[in-house]
Amino acid sequence: MPMTDILEKKFLERDDIKRLLAAEGEEYEQLLQKALAVKLSVLDNKVHLRGLIELSNICRKSCLYCGVRSDNRKVERYALTDDEVLGCARLAHQLGYGSVAIQSGERNDREFTDRITRLVTQIKQIDGGSLGITLSLGEQSEAVYRQWFEAGAHRYLLRIESSNEELYYKIHPRDERHDFHKRLECIDTLLRLGY
Ligand code: SF4
């Protein structure tokens, strides 16, 4: 099948993906042209800047591929103060960024989740709430996701490293902190709440 036909497909078969990954020469150029066309159709010929705030590397989980997993005792742990986070958000706004993303290792304790609610509320008060807020803070209860949404966070980054359960457990320990089905439930919950 010609590369151009594969590039027009909505759903790719395994063999299509292999062709794309192995593309060289003219086929590689076709792939790049297609990628550019998709980018221009969605984002125009512009660079969109987002302010990424790395809140903390303290995490209760231990994903096997991750340098800051909790079982790695060699890592120096840190957490930004509220003032530092709000300072970053103000700077992002002054520089004309459309949004900030707050990212951190996963914590589920009340002190942490309430703190995030407070920070989101305070960031929303900068210039009448023009700054969009994305959160990337791992798996949380529905109540917490709702609390953060109502405070003003409307995008959430929660990836799943593999949608294949067997593969998932090759890169996550099998324990109560790492649950494939819980991950899927969290993604569904986020969608249902309107993130
Ligand atoms: S939840 Fe995120 S930060 Fe924590 S160990 Fe896994 S990948 Fe690393």
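Numbering of ligands and ligand atoms starts at 1, following listing order.
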Do the side-chain N and O atoms of Tyr78 and Glu54 include a donor-acceptor pair separated by under 3.5 angstrom?
no
Are more than 12 heavy atoms, taken from residues, nucleotides or ligands other than Tyr169, located less than 6.0 Å from that residue's OH atom?
yes
Hey, is there an N, O or S on Cys66 sitting under 2.8 Å from atom 8 (Fe) of ligand 1?
yes
Please write down residue, atom name and distance for the protein heavy atom closest to atom 4 (Fe) of ligand 1.
Cys59 SG, 2.3 Å
Quick one: sort the Phe112 and Trp148 rings into parallel, tilted or perpendicular, breaks at 30° and 60°.
perpendicular
Quick one: which of Lys182, Arg60, Arg69, Arg177 gives a salt bridge (charged side-chain N to carboxylate O under 4.0 Å, His left out) with Glu106?
Arg60
Do you reckon Leu80 sits in the same ILVMFWY cluster as Ile133, going by side-chain contacts under 4.5 Å, direct or chained?
yes
At less than 4.0 angstrom from any non-hydrogen atom of Lys61, what atoms of ligand 1 do you find?
1 (S), 5 (S)
With backbone taken as N, CA, C and O and side chain as the heavy atoms from C-beta onward, which portion of Val68 lies under 4.0 Å from ligand 1: side chain, backbone, both, or neither?
side chain
Strictly under 2.8 Å, is atom 6 (Fe) of ligand 1 approached by any N, O or S atom of Cys63?
yes
Looking at atom 2 (Fe) of ligand 1, tell me if a protein heavy atom falls under 4.0 Å from it.
no
